[in-house]
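Take a look at the structure set out below.
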Amino acid sequence: MAVVDSEFTLDLPVPASRSGAGFATALLAWYDGARRRLPWRAEPGEKPDPYRVWLSEIMLQQTTVETVMDRFRRFLALFPDVFTLANAPLESVLAEWAGLGYYARARNLHACAREVAAKGGRFPDTVEALARLPGIGDYTAGAIAAIAFGRPVAAVDGNVERVMARVHRLADPLPHAKPALRRLTQALVPAERAGDFAQALMDLGAGICQPKMPTCGRCPVARFCAGAAAGDAASYPRKVAKAARPTRHGIAHVAIRDRDGAVLLRRRPPKGLLGGMMEVPGSEWREGAAPSSTPPCPGDWRPLNVAVEHTFTHFHLILTVEVARVADFAAAGEWHRPAHLDQAGVPTVFMKVLRAAGVV
DNA sequence: TACTCGTGGCG
DNA sequence: TCGCCAAGAGT
């Protein structure tokens, strides 16, 4: 009955104990008593708002619930509906997104809002149509279709992958196992309450079937779980080893205007790393020795004693910071006063630079 | 397919 | 301290 460890294929029928209504019924019964109350989540009996569901799903991509809680409320207060968002300048959306990371999400969010608004303001209600919108991939399309529109489709995020890999004791490592895990999940989706089912799986993954310490003793679906039965749930899902992170070096020039303490910032190119966000002018970031760079304006440039370090997803960065108080002059960029830097759209790495320089 | 793309928290 | 992890998508 248990799926053997070497099983990679999914053409075999799902074992009866892990298929059909039993799993979903047990999970939903648990969810009815244990569901988290979250700002974007409709209360029982409430009709979900597709705009809020969509916004929350984008914001939650690779981002913790804890972080999103406050940011979601802030964002919704500024952009309460899809038309407000569509009509807002991209720069204001990026500024509000600053610090959240993965800024392509904000660019795609804005582009998606414009598409939806241009077609009347209603989000499509099928996985296929949703997945055609910018920033909406397989997971998010499923989540919106299920949560906002009740479609009986799977929403397979990292939580669900983990739960399913354990339930089935799947030996195939991620990311190769993703399509298999999607099919295994879809096979369990109930005809009714598909949105609750999706959210229940995520609550289960977040609260009980946690990455390093699953508490199978409190799990409502442990009796359906091969990993719980074998006592090795924590060893799933298997994953392929990740590549080592290289270190890049660079220089950042903090120009402080004598007159009022304003600092010189520039807008980065619209795509790529930190695309569209504001930056402190500086050198390129390269592996090996720090590249030389010309300051953005003349001045008495002095290096700080302490370098600024920041880790991105795929590389570590060490920035040497040089500071100068400079006279007012026409520079390629914008002068921002310290009091308003939190509204300028400065990503975290450059906020670290400004803190090191004593600007904020 | 494999790589790019942020940030903060935690064991 | 440091790798792992968090409601992934685009290319």
Side-chain angles (χ1 to χ4, degrees), chain A residues 35-36 38-41 52-72 94 97-109 111-112 130-148 154-163 174-176 178-179 181-182 185 195 197-207 209-214 234 237-248 268-277 279 285 309-317 345-352:
Chain A
R35 69 202 303 276
R36 289 178 290 177
L38 302 168
W40 49 88
R41 192 176 268 186
R52 297 184 187 208
V53 173
W54 164 68
L55 173 61
S56 70
E57 291 301 339
I58 302 301
M59 207 172 265
L60 285 160
Q61 288 168 7
Q62 300 292 287
T63 307
T64 59
V65 167
E66 177 68 17
T67 297
V68 169
M69 290 272 243
D70 190 48
R71 292 303 205 106
F72 177 82
L94 289 174
W97 204 269
L100 268 178
Y102 285 135
Y103 299 99
R105 291 187 295 174
R107 302 193 300 268
N108 287 328
L109 188 83
C112 182
L130 285 163
R132 277 185 232 117
L133 292 168
I136 299 183
D138 286 341
Y139 161 73
T140 305
I144 297 173
I147 297 170
V156 186
D157 71 334
N159 283 307
V160 179
E161 286 176 350
R162 183 172 62 255
V163 171
L174 289 171
H176 182 264
K178 280 175 177 286
L181 289 165
R182 190 171 303 112
T185 309
F197 180 79
Q199 295 175 94
L201 272 180
M202 291 187 272
D203 279 14
L204 186 76
C209 197
Q210 293 169 314
K212 294 189 177 175
M213 39 170 249
R238 299 190 172 184
K239 296 186 178 182
V240 299
K242 292 174 184 172
R245 244 195 300 256
T247 296
R248 298 182 190 173
R268 292 173 63 86
K271 292 189 177 181
L273 184 69
L274 307 175
M277 305 298 290
E279 68 171 359
W285 302 341
E309 300 199 25
H310 189 77
T311 302
F312 294 91
T313 305
H314 55 293
F315 67 93
H316 183 72
L317 178 66
V346 181
T348 297
V349 59
F350 294 115
M351 288 304 289
K352 285 185 183 177

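Lettering follows sequence order; numbering is per chain, from 1.
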(request) Answer whether the closest heavy-atom distance between the side chains of A:Thr140 and A:Asp157 falls below 4.5 Å. (result) no
(message) Rounded to whole Å, please give me the gap between CD1 in A:Ile136 and C1' in C:dG8.
(response) 12 Å
(request) For the side chain of A:Thr313, starting at C-beta, report the closest nucleotide among B:dT7, B:dG6, C:dA7. (result) B:dG6
For nucleotides 3-6 of chain C, tabulate all protein N/O to nucleotide N/O atom pairs closer than 3.5 Å, reporting atom names and distance.
unit_1: C:dA6; atom_1: OP1; unit_2: A:Arg162; atom_2: NH1; d: 2.4

(request) Determine, for A:Phe315 and A:Arg245, whether the Lys NZ or Arg CZ falls below 6.0 Å from the six-membered ring centre while staying within 45 degrees of the axis. (result) no
(message) Taking only side-chain N and O atoms of A:His310, does any of them lie within less than 4.0 angstrom of OP1 or OP2 on B:dT7?
(response) yes
(request) Determine the minimum heavy-atom distance between A:Met277 and A:Leu94, stating which atoms define it. (result) CE-O, 3.6 Å
(request) Determine the Euclidean distance between corresponding P atoms of B:dG6 and C:dT11; express it in Å to zero decimal places. (result) 14 Å
(message) As an exercise, state the distance from CE of A:Met59 to CH2 of A:Trp54, rounded to the nearest 0.5 Å.
(response) 9.5 Å
(message) Taking the side chain as everything from C-beta on, heavy atoms only, tell me whether A:Trp40 gets closer than 4.5 Å to A:Val68.
(response) yes
(request) List in chain and number order the residues that pass side chain to side chain donor-acceptor pair (under 3.5 Å) with A:Asp203, two or more places apart in sequence or in another chain; answer none if no residue qualifies. (result) A:Arg36, A:Arg41
(message) Without decimals, in angstroms, what is the distance between A:Leu133 CG and C:dG10 C1'?
(response) 14 Å
(request) Round to a whole Å and report the spacing from NZ of A:Lys178 to P of B:dT1. (result) 11 Å
(request) Look at the side-chain N and O atoms of A:Thr67 and state whether any lies under 4.0 Å from the OP1 or OP2 oxygen of B:dT7. (result) no
(message) Distance check needed: C:dG8 P versus A:Leu109 CG, whole Å only.
(response) 16 Å
(message) Please compare A:Phe315 and A:Lys352 by the position of their nearest nucleotide in DNA chain B and report the one closer to 5'.
(response) A:Phe315
(request) Determine the interatomic distance between C1' on B:dC3 and the same-named atom on C:dA7; round to the nearest Å. (result) 22 Å
(request) Would you mind classifying the nucleic acid contact of A:Thr140 as base, sugar-phosphate or nothing, using non-hydrogen atoms under 4.0 angstrom? (result) sugar-phosphate
(request) Check every strand shown and say whether A:Gly275 touches a base, only sugar-phosphate, or nothing at a heavy-atom separation below 4.0 Å. (result) nothing
(request) Quick one: closest heavy-atom pair of A:Gln62 and A:Tyr102, and the distance? (result) CB-CE1, 3.6 Å
(request) Check whether any side-chain N or O of A:His314 sits under 4.0 Å from OP1 or OP2 of B:dC5, and answer yes or no. (result) yes
(message) If you only use heavy atoms from C-beta on, which nucleotide in C:dG8, C:dA7, B:dT7 is closest to the side chain of A:Pro347?
(response) B:dT7
(message) Taking only side-chain N and O atoms of A:Thr348, does any of them lie within less than 4.0 angstrom of OP1 or OP2 on B:dT7?
(response) yes
(message) Expressed as a whole number of angstroms, how long is the span from A:Arg105:CZ to C:dA9:C1'?
(response) 10 Å
(message) If I pick the P atom on C:dA6 and the same atom on B:dC5, what distance separates them, to the nearest angstrom?
(response) 22 Å
(request) Applying side chain to side chain donor-acceptor pair (under 3.5 Å), name anything that partners A:Gln210, two or more places apart in sequence or on another chain. (result) none
(message) Applying a 4.0 Å non-hydrogen cut-off, can you work out what A:Trp40 is touching in the nucleic acid: base, sugar-phosphate, or nothing?
(response) base
(request) Classify the nucleic acid contact of A:Pro175 as base, sugar-phosphate or nothing, counting any heavy atom under 4.0 Å across all strands shown. (result) nothing
(request) Hey, which sits more toward the 5' end of DNA chain C by its nearest nucleotide, A:Lys271 or A:Gln199? (result) A:Gln199
(message) How close do A:Leu274 and A:Tyr103 get, counting heavy atoms only, and between which atoms?
(response) CD2-CE1, 3.5 Å
(message) Distance check needed: B:dG6 P versus A:His316 NE2, whole Å only.
(response) 17 Å
(request) Find the distance A:Glu57:CD to C:dA7:P and express it as a whole number of Å. (result) 11 Å
(message) Rounded to whole Å, please give me the gap between CG in A:Leu38 and P in C:dA7.
(response) 12 Å
(message) What's A:Arg71 touching, base or sugar-phosphate or nothing? Going by heavy atoms closer than 4.0 Å.
(response) nothing
